[in-house]
Amino acid sequence: MVKTAAGSGSTDNGSTSASSSTSSSNGIGDMGSNSNTSQSIANVPNATQSYGNQLAKYVADPDGAKHFTFTAKQVMWEPVKGSPRVLAWTLDGTVPGPMIRVTAGDHVRITIINHFPAGTAIHWHGLLIPTEADGVPGVGQKPIMPGQTFTYDFTVHDQDVGTHMYHSHYDDLIQVPGGLYGAFVVDPRAGTPQAQQAIHADVEADEFISELGQYYVVTGKSFPDTQVIHVKHGQTVHLRIYGLGEMMHPMHMHGHFFNIVAEDGHMLPQPVQRDTVQVAPGETYDITFNAWAAPGSIYPFHCHILSYVMNPGQSTTEMGGLIVLIEYDK
Amino acid sequence: MVKTAAGSGSTDNGSTSASSSTSSSNGIGDMGSNSNTSQSIANVPNATQSYGNQLAKYVADPDGAKHFTFTAKQVMWEPVKGSPRVLAWTLDGTVPGPMIRVTAGDHVRITIINHFPAGTAIHWHGLLIPTEADGVPGVGQKPIMPGQTFTYDFTVHDQDVGTHMYHSHYDDLIQVPGGLYGAFVVDPRAGTPQAQQAIHADVEADEFISELGQYYVVTGKSFPDTQVIHVKHGQTVHLRIYGLGEMMHPMHMHGHFFNIVAEDGHMLPQPVQRDTVQVAPGETYDITFNAWAAPGSIYPFHCHILSYVMNPGQSTTEMGGLIVLIEYDK
Amino acid sequence: MVKTAAGSGSTDNGSTSASSSTSSSNGIGDMGSNSNTSQSIANVPNATQSYGNQLAKYVADPDGAKHFTFTAKQVMWEPVKGSPRVLAWTLDGTVPGPMIRVTAGDHVRITIINHFPAGTAIHWHGLLIPTEADGVPGVGQKPIMPGQTFTYDFTVHDQDVGTHMYHSHYDDLIQVPGGLYGAFVVDPRAGTPQAQQAIHADVEADEFISELGQYYVVTGKSFPDTQVIHVKHGQTVHLRIYGLGEMMHPMHMHGHFFNIVAEDGHMLPQPVQRDTVQVAPGETYDITFNAWAAPGSIYPFHCHILSYVMNPGQSTTEMGGLIVLIEYDK
């Protein structure tokens with residue numbers, strides 16, 4: 001039940017259609033066209049928020065669906081304070097976009113209002129989802145063109161439990177490294193096998209590994225502006241790691257080993273202990289570790305390809321890019 | 001029992017030898033020399049077939065060996081219709097070459113007739129094989145020079161069951177990304193432990209992930225000319241994935257998760273569920289998935305490094321390269 | 001208990017401190033500065049040893065600690081005979097540096113005497129270690145500046161058993177690919193669970209996969225100068241593989257499959273059989289294989305990205321770089 005409407009109006013529960021972007025044509029290669037590369041950034045506003053991955057709100061539709069609405073818009077994003085901003089392609093103005101968090105069994109409706117100067121489409125990566133809601137222009141839909149609104153409509157199943165993501169699937173070489181991605185986390189419903197093997201932790205944090213313009217960013221920021229993972233001695237810590245961008249990053253944790261408990265949202269038969277995990281674009285990892293160290297301890301969690309732990313203009317003795325600190329409360 | 005013969009004559013069952021390319025000298029670095037880079041392509045014919053990976057035929061030798069014969073030859077290959085052809089180094093004129101499929105216990109004999117303008121040698125990648133049949137000039141043999149014929153002779157064991165491959169191991173930086181590779185699949189023999197854990201599926205397809213000139217190709221073709229994986233609702237689908245070329249490719253499947261059941265031909269202790277698998281050069285993966293979706297559904301299976309899902313000259317809104325479609329019958 | 005002393009004097013058991021490099025300031029970004037890139041190499045001496053990874057010696061301190069002392073110094077290193085030497089950043093003059101091998105429960109003290117023209121610091125990668133001994137300038141210590149001495153002091157635990165490594169963590173984009181790394185292997189103590197699952201093998205070898213200047217090197221050397229793995233028919237062989245440098249390397253073994261038994265030093269729940277393993281920077285792998293082949297056999301173990309099995313100036317028909325030979329005694 002995918003619907004689309006020209007303009008920014010909301011859509012109702014089933015019958016709305018639009019002239020320009022219905023999914024009636026599945027012709028491969030029929031993906032429209034637009035040139036994004038020579039765009040002026042003079043009129044793109046600065047982001048009004050410093051960090052992304054905020055929990056998305058929804059309204060309950062009359063049929064019980066959880067209805068999320070996001071606006072695709074460009075902002076000038078600041079990966080690290082005092083350095084040049086970069087043009088970002090976002091949902092709701094942040095990199096990453098808002099975190100979608102739902103429960104298995106939920107009927108989900110997601111409206112995208114496109115304020116980009118270009119077409120877009122969103123892929124719900126890792127979900128068992130019908131073709132027409134899968135977000136691939138040329139296969140299941142047409143691109144959502146500038147000024148148009150499109151609503152994805154699907155149900156999330158027990159098999160979808162875990163850490164997944166969403167990201168642009170149109171002009172994606174521009175839009176995904178440009179910031180159009182976010183978390184799609186599905187919690188288990190009580191009484192299911194998935195609930196029995198749920199990950200329990202005292203602390204949970206999300207780490208999106210990507211590039212952004214000339215920067216290497218974790219959850220939209222470059223070190224030292226990445227968000228600290230605050231822990232207390234003795235806690236169990238759960239990190240959700242999302243691979244975006246164009247590169248594989250071997251993420252290494254200092255002073256600890258961790259358990260890889262799930263890959264692409266699916267629980268491993270048995271956890272694997274590592275201190276480094278290769279995170280490739282399109283993958284997610286759920287890792288847990290025991291905060292064994294003394295109060296006041298600080299450890300980096302960083303990409304071990306050392307050219308990615310620098311910011312533009314830095315010397316090789318400085319630290320930037322793909323580093324997050326784990327700080328123990330004193 | 002490796003034999004070699006100058007010229008293109010066939011070899012008999014054990015005693016043939018040649019003056020120029022016997023394996024009597026194992027001197028490291030003694031690998032001959034030839035310059036391939038400045039070759040004229042004016043006289044290289046267009047390929048007469050559009051797709052490779054055809055099941056190879058063999059003759060039964062008097063001693064019971066399955067005897068395959070392939071001709072190494074250059075062709076101009078068309079990764080995608082209407083785009084410039086590229087010089088390909090092939091067995092029997094296709095990229096990939098023919099699929100060798102045998103059964104554990106088989107005695108195998110493989111004759112290579114070299115019609116390349118350069119030396120070559122074939123490595124049987126993933127098999128427990130004697131040094132002299134392993135295909136490495138400078139270690140176990142001399143290169144097969146232009147006009148020469150060479151026969152590999154070995155037995156395939158129960159431990160070799162699974163998805164393996166062959167590829168050039170001489171001037172390999174030119175010849176392997178140039179197309180000289182193919183499947184070497186070993187089926188189990190009845191009554192063995194390998195037979196008990198064999199993969200059963202309704203549909204089987206082979207996906208070779210590689211580069212070819214300026215193209216990114218799956219089984220020799222770039223999207224939209226890659227071969228569709230046709231499935232029916234409810235089927236179990238088995239993909240054999242082969243990593244060639246020079247790059248790691250994280251292959252992502254839309255709308256499904258899959259089970260990784262074997263790596264490099266060896267069954268995992270327990271399957272691992274993923275929606276993305278990092279395929280590096282030299283690796284194979286056997287994955288299976290349940291075709292759960294509705295008739296008429298279409299899903300891409302593609303590399304998630306987005307610069308590899310484009311063809312030369314395409315804009316960023318077009319799709320090409322490392323994409324294969326999974327299409328459900330209506 | 002991290003101590004530091006200006007000059008090259010040894011340190012005693014707990015109270016020594018220095019004016020310039022105590023860890024009293026943990027200010028992020030406070031990492032000193034120095035420019036390494038324009039240094040003259042005219043006065044750097046040639047290495048006096050051809051191979052690294054020698055077992056490090058220690059003295060027993062009065063408190064029972066095993067006290068290692070290493071000198072950080074530059075040498076001109078020869079990756080392959082007859083080719084230009086490269087500037088290497090070393091401990092004790094070799095690439096890799098000496099192998100540290102201790103037993104769980106050991107109290108370890110490691111003194112670094114810095115004869116570099118630049119600052120340095122050593123990270124003990126993979127160990128559960130206090131922040132102040134973790135080797136990260138800007139977090140747990142200040143860089144050890146030229147002429148200074150610094151002593152790391154920590155205890156190795158049962159959880160640290162396995163194959164780990166050390167490497168520079170200051171100016172690391174220069175120093176780590178430059179050669180400042182080595183093995184840190186922790187053996188189990190009798191009667192522990194770790195001892196029960198220890199890897200038993202007839203032959204053990206260490207393979208460090210990295211780049212060095214324009215070369216691709218295994219344990220500091222490019223083929224054909226890499227160290228042969230000598231085996232006898234029927235032996236069990238244990239390779240410890242260490243990923244350094246800036247790239248992922250899929251290492252393929254000819255003619256055998258191997259068991260991956262541990263990753264980052266941690267035993268897998270069950271071994272995984274492969275013939276190729278993706279080795280990324282920051283990872284270690286313990287693999288074992290059965291030397292099944294005939295006496296006199298030779299097989300390569302090499303990176304399957306073929307541009308990394310060449311040396312500078314070689315043609316594509318020559319073999320160099322990331323290749324090690326497995327040679328069976330006759």
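The structure displayed is predicted, hence computed values, not measured ones. Reminder, nothing fancy here: chain letters follow the sequence lines and each chain counts from 1.
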Distance-only side-chain donor-acceptor flag, [X] / [Y], under 3.5 Å:
{"X": "C/Y299", "Y": "C/E327", "value": "no"}
{"X": "C/T163", "Y": "C/R240", "value": "yes"}
{"X": "C/Y51", "Y": "C/Q49", "value": "no"}
{"X": "B/T120", "Y": "B/Q175", "value": "yes"}

Residue pair [X] / [Y]: nearest heavy atoms and the distance that separates them:
{"X": "B/H169", "Y": "B/P137", "result": "O-CD, 3.6 Å"}
{"X": "B/A121", "Y": "B/I144", "result": "CA-CD1, 4.2 Å"}
{"X": "C/P79", "Y": "C/V86", "result": "CG-CG2, 4.1 Å"}
{"X": "C/T94", "Y": "C/W77", "result": "CA-CZ3, 3.6 Å"}

Do any of [range] have a heavy atom less than 4.5 Å from a heavy atom of chain B, and if so, which, in residue order?
{"range": "residues 196-207 of chain C", "value": "none"}
{"range": "residues 249-257 of chain C", "value": "C/P250, C/H252, C/H254, C/G255, C/H256, C/F257"}
{"range": "residues 260-271 of chain C", "value": "C/Q270, C/P271"}

* For the atom pair OG1 (C/T316) and OH (B/Y170), what is the distance rounded to the nearest 0.5 Å? -> 8.5 Å
* Asked: Could you give the distance from OG1 (C/T192) to CG (C/D158), rounded to the nearest 0.5 Å?
  -> 5.0 Å
* To do: Dump the intermediate steps for ring pair (Phe, Tyr, Trp, His ring centres under 6.0 Å) on C/F184 and C/Y166, then the final yes or no.
  => CA-CA 6 Å; C/F184 198 115; C/Y166 65 82; 7.3 Å; no
* Structure fact -> Scored by heavy-atom pairs under 4.5 Å with chain B, the best of C/V272, C/I305, C/V277 is C/I305
* Structure fact -> Hits for ring pair (Phe, Tyr, Trp, His ring centres under 6.0 Å) against C/F258, two or more places apart or cross-chain, chain-then-number order -> none
* **Pair B/Q74-B/L87, side chain to side chain contact (heavy atoms under 4.5 Å, CB included): steps then yes or no** => CA-CA 7 Å; B/Q74 294 184 324; B/L87 174 65; 3.9 Å; yes
* Asked: Do C/V218 and C/F208 pass the side chain to side chain contact (heavy atoms under 4.5 Å, CB included) test, and can you show the C-alpha distance, the side-chain angles, and the key distance before you say yes or no?
  -> CA-CA 5 Å; C/V218 183; C/F208 294 79; 5.9 Å; no
Find the one option among [options] whose heavy-atom pairs under 4.5 Å with chain C are most numerous.
{"options": "B/H164, B/M248, B/Q278", "result": "B/Q278"}
{"options": "B/L244, B/D172, B/T284", "result": "B/D172"}
{"options": "B/G243, B/G135, B/G126", "result": "B/G126"}

* Measure from the side-chain N and O atoms of C/N53 to the backbone N and O of C/P96, and report whether any donor-acceptor pair falls under 3.5 Å. => no
